[in-house]
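Quick notes on the structure that follows.
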Number of protein chains: 2
Amino acid sequence: MTCFELPATVALAASRTRALGFWKRLQTKVDEEVTVSGIEDVASLAGVSKATVSRALSGRGYVSVETRAKVSDAAHRLGYVVSSSASSLVTGRTNNVGVIIPRINQWFFGSILEGVERALLDRGYDLMLYNVSKTVEERSKVFEYFLVRKRVDAVIAVTLEITPAETERLVGLGKPIAGIGGPLEGIPTVSIDDVAAARLATEHLLLLGHRDIVHVGGDVDEQMDFHVHSKRLKGFLEALTAAGLPHDENSYLATRFDIPGGYRVGKQLLGDPRRRPTAVFAAADEVAIGVILAARELGISVPDDLSVIGIDNHPLSDMFGLTTVEQRPDLQGEHAVDWVIRQLEQPGWSPDAGHAFAPTRLVMRSSTAPPRPRAGS
Amino acid sequence: MTCFELPATVALAASRTRALGFWKRLQTKVDEEVTVSGIEDVASLAGVSKATVSRALSGRGYVSVETRAKVSDAAHRLGYVVSSSASSLVTGRTNNVGVIIPRINQWFFGSILEGVERALLDRGYDLMLYNVSKTVEERSKVFEYFLVRKRVDAVIAVTLEITPAETERLVGLGKPIAGIGGPLEGIPTVSIDDVAAARLATEHLLLLGHRDIVHVGGDVDEQMDFHVHSKRLKGFLEALTAAGLPHDENSYLATRFDIPGGYRVGKQLLGDPRRRPTAVFAAADEVAIGVILAARELGISVPDDLSVIGIDNHPLSDMFGLTTVEQRPDLQGEHAVDWVIRQLEQPGWSPDAGHAFAPTRLVMRSSTAPPRPRAGS
DNA sequence: GAAACTTATGGAAAGGTTTCCTGAACCAGG
DNA sequence: CCTGGTTCAGGAAACCTTTCCATAAGTTTC
């Protein structure tokens, strides 16, 4: 790989003067109308007391319709907005929910985040984002310094291992918590049933007549592992065993959960014709797509020579004709939001089960077919 | 596409009882130690006044080392954390920065978000996420109801068209704003120089000897367009013109900015041998990858029969050997954070240019090569 | 040895809401 | 006409910090 440096960072835009001018104009404008109005101003403009303004705008307590109209008119005229600090100081509620997520730029995590965000905004909560990798220091920094700092009403932890001490701390503060993507000890969690999903995928291949299947998953010992890898492997093996098929160390290959990871392992697995299975069950669609790309490059036809199935229903799956077990991370996010907000809004309520399983379904496309009858047998 | 419904949503985890037991135990624990200590408790335990506690913990003002030790010890023993509502009520600072972003689950946006998040957390700020699409209602809801509600100190707007009125509103509140990804009227913005990047990519192809180049970009009229599409087209055309090459309406094709979008257009463009160019400049790597996949499927060799170049240096580009003009959205995010925090922490400061251009560089891989000598000429 | 600083601490005010409590007005029922 | 309930509105307390001001002790400086 060769690289050319682009001349340099150009510091000034072509339209500098114009943009700058506009900017400065706005800046001075600030100085003029620096007056930010408080509830008192609204009260006097509307000719009522602060208490009435508060009731009128929040919708709590008795306020006559005329008064309410006067107040909201005055508030609007003054451009008044309530100070959330003051408000939450007295109510004890911040209307924020903290979301801890290890990664953003990956389909599964991005989708969760989108779902959580949508659900929170719909219900009038703001989302505070903490992108925390597995580094212990980083995590404890977030826990001790940020989260706990009375800045959030509840916490949603995505695929994050939280120590019992941290859990206790959070729960001890009376903040609802929910997890997504893996069972957190002591925290209600929503995820798909990984064992069942893997079993379903494997059974699909078995049903088509495949007997020689390899599972490409994540590294079971990997630190990132959230029991996901081991569970999907478990479902795979369960299905094989139920079908009376043997398995050995060659039945399973570990790789990174992305397209290059699947490609690498695909090249390696499919390169040797004697070792080549008739079907591959990949633990994630991106891995499956990598395997398909490797197969294409090796001149192996999918599904004629090789069937491939994944899990996720990733946006790219349709283009590659990938048969897959669909999951909806965004809905899992919404579910978690439901839980914490429910706990917030009706105290005493708590999810009646420690774990909710999100639905999955088999989406059949063109990457799976019955195995080609063997020449030798 | 056929779908099988998985049996149903299973409502209970296998480990229900255990998980539930733990959960309940923690719940009751709450009732016992419901006492949340305030600054007063810390003060009396440390034997000092509230004022001293505040100074000791915040690090502002004079406090002797022994006193500071006593106070922090007491605070730690009581598990005391300052109430951010109370604190920001008096200081007027929330330590939050709002980020408005139209999409999360796409490399460019996800990377920006990761960069912004990292930079904010490093500097002790929290990030409030607003995932706002272009819907006018949704946007105004965020603006009027959330953002403005005195919940953020500053705003970073990613690729978002903000009306002058909205800008004025924000600036009028004295909140620093920065944009990423496109010039916002009146808001300092950081992005790459799209025209220059497109010119660089095109010049690379020209330098290799290509004379028949097609540009696959985004729809210039699309509402999502943030002048990005038109600017990259402009750079392309500039380079052609500078090289003395003509161009017509066949020189440019519009599609969606993702792999399937590139694939679709690639199939269509490359399907007709007479129309097929010797090189394609795609406005984004994902589009370029789609074109490569289409070429492979049509038996067109890259780079022997067709050179392809993109913009981004997407994580998948390396695997596809894609030559590209690299940009770093995460660094652009950090730059924007620098700007707003600087404005926050040294009032009066403002970026000296309305626009900062992030660096780009050409990354050469194996998808570009000199065109094959024509049989006919 | 007094004046001028520097360092350390406490008391009290301020910041902008929400909510409790109280009182007035109004209406229906006996 | 009186009682009790409902609706409406205001005064004031409470929420929990930070910061201003004042005081006092210790340290330099001429």
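Letters A, B, ... mirror the listed sequences (proteins, then strands); counts begin at 1. Since we're looking at a predicted model, the values are computed, not measured. Computed over heavy atoms, backbone and side chain alike; hydrogens, waters and symmetry mates excluded.
In the set C:dT18, D:dG10, D:dC16, the nucleotide with an atom closest to the side chain of B:Ala86 is D:dC16. Closest to the side chain of A:Leu89, from the set C:dT9, D:dC16, C:dT19, is D:dC16. With D:dG11, D:dT18, C:dG11 as the candidates, the nucleotide lying closest to the side chain of B:Ile39 is D:dT18. Of the candidate nucleotides D:dT17, C:dT18, D:dG11, D:dG11 has the atom nearest to the side chain of A:Ala51.
Under the 4.0 Å criterion applied to side-chain N and carboxylate O atoms, A:Arg151 and B:Asp126 are assigned as salt-bridge partners. Contact check on B:Arg123 versus B:Asp338 returns a salt bridge, with a Lys/Arg side-chain nitrogen under 4.0 Å from an Asp/Glu carboxylate oxygen.
Regarding B:Arg60, its CZ atom lies at a distance of 18 Å from the C1' atom of C:dT7, rounded to whole Å. The separation between A:Arg93 atom CZ and C:dT18 atom C1' is 14 Å, rounded to whole Å. Atom CG in A:Asp41 sits about 14 Å away from atom C1' in C:dG15, given to the nearest Å. In this structure, CG of A:Asn95 is placed 11 Å from P of C:dT18, rounded to the nearest angstrom. Atom CG in B:Leu57 sits roughly 15 Å away from atom C1' in C:dT9 (whole-Å rounding). With rounding to whole Å, A:Glu40 atom CD is found 14 Å from C:dT18 atom C1'. In this entry the distance linking NZ of A:Lys50 with C1' of D:dA9 reads 14 Å, nearest Å.
Regarding contacts with the backbone of D:dT17, every side-chain N or O of B:Ser87 stays at 4.0 angstrom or more from both OP1 and OP2. In this model, the phosphate group of C:dT7 is approached by a side-chain N or O of B:Tyr62 to a distance below 4.0 Å at OP1 or OP2. A sub-4.0 Å separation between OP1 or OP2 of D:dT17 and a side-chain N or O of B:Tyr80 is present. For D:dC15, the OP1/OP2 oxygens have no side-chain nitrogen or oxygen of A:Ser88 closer than 4.0 Å. Contact annotation: A:Ser54 side-chain N/O to C:dT17 OP1/OP2 distance is not under 4.0 Å. The side chain of B:Arg55 places no N or O atom within less than 4.0 Å of a non-bridging phosphate oxygen (OP1 or OP2) of D:dT18. Between B:Ser83 and D:dC16, a side-chain N or O to OP1/OP2 separation shorter than 4.0 Å is absent. Applying the 4.0 Å criterion to OP1 and OP2 of C:dT9, one finds that B:Thr67 has a side-chain N or O inside that range. Neither OP1 nor OP2 of C:dT17 sits under 4.0 Å from any side-chain N or O of A:Ser84. Contact check, A:Thr52 against D:dG10: a side-chain N or O comes under 4.0 Å of OP1 or OP2.
Put simply, the residue from B:Val48, B:Val82, B:Leu45, B:Val63 that forms a side chain to side chain contact (heavy atoms under 4.5 Å, CB included) with B:Val53 is B:Val48. The side chain to side chain contact (heavy atoms under 4.5 Å, CB included) with A:Val97 is formed by just one residue from the set A:Val116, A:Val155, A:Ile156, A:Val337; it is A:Ile156.
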* Walk me through it: do B:Arg77 and B:Asp73 pass the test salt bridge (Lys or Arg N to Asp or Glu O under 4.0 Å)? => CA-CA 6 Å; B:Arg77 284 236 300 271; B:Asp73 180 55; 3.3 Å; yes
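Remark on DNA chain C: of its neighbouring residues B:Arg68 and A:Gly38, the 5'-side contact belongs to B:Arg68, judged by nearest-heavy-atom nucleotide.
Between the side chain of B:Glu114 and the main chain of A:Asn105, a donor-acceptor pair closer than 3.5 Å is present.
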